[in-house]
Amino acid sequence: MSDIPAPEKANETAGEDFIRAAIRADLAAGRVARVVTRFPPEPNGYLHIGHAKAIALNFSVAAEFGGRCHLRFDDTNPAKEEQEYIDGIKADLTWLGFDWGTHLYHTSDYFEQLYSWAVHLIEAGDAYVDDLSAEEIRARRGTLTAPGTDSPFRDRTAAENLDLFSRMRAGEFENGARVLRAKIDMTSGNINLRDPVLYRILHAHHPRTEDKWCLYPNYDFAHGQSDAIEAVTHSLCSLEFEAHRPLYDWLLEHLPVPANPRQYEFSRLNITYTVLSKRLLRELVDGGHVAGWDDPRMPTLVGLRRRGVPAAAILEFIARLSVGKTEGVVEVEALEHATRDALNPTAPRLMGVLRPLKIVIENYPEGESELLDAANHPQDEAAGSRQVPFGRELYVEQDDFMEDPPRKFFRLSPGREVRLRYAYFVTCTEVIKNEQGEVIELRCTYDPATKGGNAPDGRKVKATLHWVSAAHAVDAELRLYDRLFDQPNPAKVEEGQNWLDSLNAASLETLTGAKLEPSLADAAPGVPVQFERQGYFCVDPDSAAGKPVFNRIISLRDSWAKAAKKG
RNA sequence: UGGGGCGUAGCCAAGUGGUAAGGCAACGGGUUUUGAUCCCGUCAUGCGCAGGUUCGAUCCCUGCCGCCCCAGCCA
């Protein structure tokens, strides 16, 4: 017996979500022997953090109940899908830490089976070929309150339907000439049951089946049956598919499928100040409003990864959300908290000055320098320490000096003494300005007795500043990111407004004159570090030899900035 | 106005006939060679509204109100 307490889990005291409860019940009642879930992305773009919720749910639930989770590319629309996205999606899942093992599938693997099931439906009198145009079908569908009317082709004989359907496959007709429809009920209150289209003619090259087909099943006809083929037990999807569930069930009931999957719908993730829709994200990319799907401001998984947000932060953020059916918008602050929380324990602490202000230590010998010991992580001794060069000329942060400071400003100002981290106490003795009256340099004196940062006489100082030796500094470009939109819910636009109007013009600020301590010269790409008192950064792939570029993953919380703003 | 869902604090939410968990945010305080981290504390007499049943209702019943999804040969 151990008296070590069990590790804490997020929502430890929270109840089980409705999906896990349903699975537990199915297992207990013997309705399913082994849980099988699936993540079914359409390869028509890159995944975003909203998808991470679905991914984590499907894979975690399978793992928790000893089942498995498949990765299935829902590639039923060759007009929109590309191999690039298939590869990208796999890389994203791997990065998040999920493994589909040997269970990689494509809906296109089932095209032949799906086709024969369509034939089965036709033979049973449950489907028919319709010659109506898309416009005519729409006109006869009825409205939300008025029933639809039957197609004049609804009562074709099975033989005629079979003939037409095989000729559709054979390529005899043009795109849109005919479709296969389920024969259900044109008066149903559920519009999805008003003889939904099942197959359409699409003369297009498919990334996998290439030119074998010109007839493609749509989502409704493909999804449930693919689930059945794979013996998926719990098919988890988002709320907008709720009204499709009756059709999902109808098809499974009318087809000789090998299994009976059940669909469950949960609410998708929304986050303030961004958009979580592939369509809108694509608009940002195509419109040149961002640098690409992997722009560090994008909520895509590739964007977050390039930004430097650890997968663990995304997973933790999602774990704190719960799975349900209520729609809401999570404040981006929750993601930011998870990001800092993931970075804080491990990111090495280093010094980098974003906006340099030169200071000269007048009583420090000219031309000399020394190495000072600095902890790599003050809270973690195992992280060790490093040597940082100190000299007569240094850079400190412009924000750390005020010539005429307000009462609660503790940092450097004329006549005031502060500590330079791991170095010495310094006192500002003179302010040098240019012709415009801007402060361009500070003259200071230091107290040699305070080496390392402590005064032997016990005197205290109210601030500790980060700094970099001018003679040893590494020049770097820093990219500071802010939220992509000014509005909390950019996708919800007012009448006559364009959602792009709420793009934040200041979402990217590039700093070209940053000065970093020399050990940052060989920082590894993508590995997060903390610039003390500033934030977490990582090297961007745009870096070149001798010309490092850092992304700011996220700033540190800044209660001084908050207080200063309040006044 | 047809069908399907959803309403608990600023946000995400647990709970369920017995008197409202937790996280984020906010605010106050302590520690601090990062104004960071960490630690402590405050934050719903009330669970969309109105009735009803009950000793007792966020939970059961009735009626309202609000929000979301569906009229692609997209997924």
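In what follows, chains carry the letters A, B, and so on, assigned in the order in which the sequence lines appear, proteins first and then strands, with residues in each chain numbered from 1.
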Nearest-Å distance once atom C1' is located in both B:rC55 and B:rC12: 36 Å
Complement of B:rC24, any strand, by Watson-Crick or G-U distances under 3.5 angstrom: B:rG10
Complementary nucleotide for B:rU34 - Watson-Crick or wobble, under 3.5 Å: none
Residue met sooner reading RNA chain B from 5', once A:Arg533 and A:Ala243 are mapped to nucleotides: A:Ala243
A:Gln379 side-chain proximity, nearest of B:rU34, B:rG2, B:rG4: B:rU34
Side-chain donor or acceptor of A:Arg194 paired with backbone N/O of A:Ser188 under 3.5 Å: yes
Distance test, side-chain N/O of A:His337 to OP1/OP2 of B:rC24, below 4.0 Å: yes
Check: A:Ser133 side chain, A:Glu136 main-chain N or O, donor-acceptor pair, under 3.5 Å: yes
NZ/NE/NH1/NH2 to OD/OE distance under 4.0 Å, A:Arg140 and A:Asp150: no
A:Lys325 side-chain N/O to B:rC68 phosphate OP1/OP2 under 4.0 Å: no
N/O donor-acceptor pair under 3.5 Å between A:Ser151 side chain and A:Phe153 backbone: yes
A:Glu327 CD - B:rG4 P separation (whole Å): 17 Å
Separation between the C1' atoms of B:rU1 and B:rC70, rounded to whole Å: 16 Å
Electrostatic pair A:Lys451-A:Glu370, nearest N-O below 4.0 angstrom: yes
For B:rU45, the Watson-Crick or wobble counterpart (both distances under 3.5 Å): none
Touch class at under 4.0 angstrom, heavy-atom based, for A:Lys460 against every strand present: nothing
Atom P, compared across B:rU58 and B:rG2: separation rounded to whole Å: 31 Å
Length of the CD-C1' vector between A:Gln263 and B:rC69, whole Å: 13 Å
Donor-acceptor contact present, side-chain A:His106 to main-chain A:Ser108, <3.5 Å: no
Touch class at under 4.0 angstrom, heavy-atom based, for A:Lys408 against every strand present: base
Distance-only polar pair, side chains of A:Glu230 and A:Tyr110, donor-acceptor under 3.5 Å: yes
Opposite nucleotide pairing with B:rA75, Watson-Crick or G-U, both atom distances under 3.5 Å: none
Nucleotide B:rG35, atom P - distance to CG of A:Leu412 in whole Å: 14 Å
Selected nucleotide, minimal atom distance to A:Asn190 side chain, candidates B:rG3, B:rU34, B:rA25: B:rG3
Integer-rounded Å distance: B:rA25 C1' and A:Asp341 CG: 15 Å
Under-3.5 Å donor-acceptor pair between A:Gln530 side chain and B:rU34 base: yes
B:rU54 versus B:rC61 - spacing of their P atoms, nearest Å: 16 Å
Interatomic distance, A:Arg141 atom CZ to A:Met186 atom CE [nearest 0.5 angstrom]: 7.5 Å
Atom P, compared across B:rG46 and B:rA9: separation rounded to whole Å: 13 Å
Check: A:Glu331 side chain, B:rG10 base, donor-acceptor under 3.5 Å: yes
Pair A:Asp17-A:Ser322, side-chain donor/acceptor within less than 3.5 Å: no
Gap between atoms CD1 and P, on A:Ile554 and B:rU37 respectively (whole Å): 11 Å
Between B:rC60 and B:rU45 - P atom distance, rounded Å: 23 Å
Whole-angstrom distance between B:rG17 and B:rC47, as gauged at atom C1': 14 Å
Spacing between A:Leu247 atom CG and B:rA71 atom P, to the nearest angstrom: 13 Å
Cationic N near anionic O, under 4.0 Å, A:Arg156 to A:Asp131: yes
Length of the line joining A:Leu193:CG and B:rG3:C1', which is rounded to integer Å: 10 Å
Torsion-based syn/anti label for B:rG22, 90° from 0 as limit: anti
Proximity to the side chain of A:Leu144 - top-ranked nucleotide from B:rC12, B:rA36, B:rA71: B:rA71
Under 4.0 angstrom between A:Arg557 side-chain N/O and B:rA26 OP1 or OP2: yes
Between C1' of B:rC12 and CD1 of A:Ile49, the distance in whole Å: 14 Å
Nearest-angstrom distance, P atom, B:rA44 to B:rG5: 35 Å
Below 4.0 Å: OP1/OP2 of B:rA13 and any side-chain N or O of A:Thr326: yes
Touch class at under 4.0 angstrom, heavy-atom based, for A:Tyr536 against every strand present: nothing
Touch class at under 4.0 angstrom, heavy-atom based, for A:Val461 against every strand present: nothing
Please list, pair by pair, any protein nitrogen or oxygen found under 3.5 Å from a nitrogen or oxygen in nucleotides 72-75 of chain B.
from	atom 1	to	atom 2	distance (Å)
B:rG72	OP2	A:Arg138	NE	3.3
B:rG72	OP2	A:Arg141	NH2	3.1
B:rC73	OP1	A:Arg141	NH2	3.2
B:rC73	OP2	A:Arg141	NH1	3.2
B:rC73	N3	A:Gly176	O	3.4
B:rC73	N4	A:Leu132	O	2.9
B:rC73	N4	A:Ala134	N	2.9
B:rC73	N4	A:Gly176	O	3.1
B:rC74	OP2	A:Arg200	NE	2.9
B:rC74	OP2	A:Arg200	NH2	2.9
B:rC74	O3'	A:Arg200	NH2	3.2
B:rC74	O2'	A:Asn77	ND2	3.2
B:rC74	O2'	A:Lys80	NZ	3.4
B:rA75	OP1	A:Thr76	OG1	2.6
B:rA75	OP1	A:Arg200	NH1	3.4
B:rA75	OP1	A:Arg200	NH2	2.9
B:rA75	OP2	A:Tyr219	N	2.9
B:rA75	O3'	A:Asp74	OD2	2.9
B:rA75	N6	A:His244	NE2	3.1

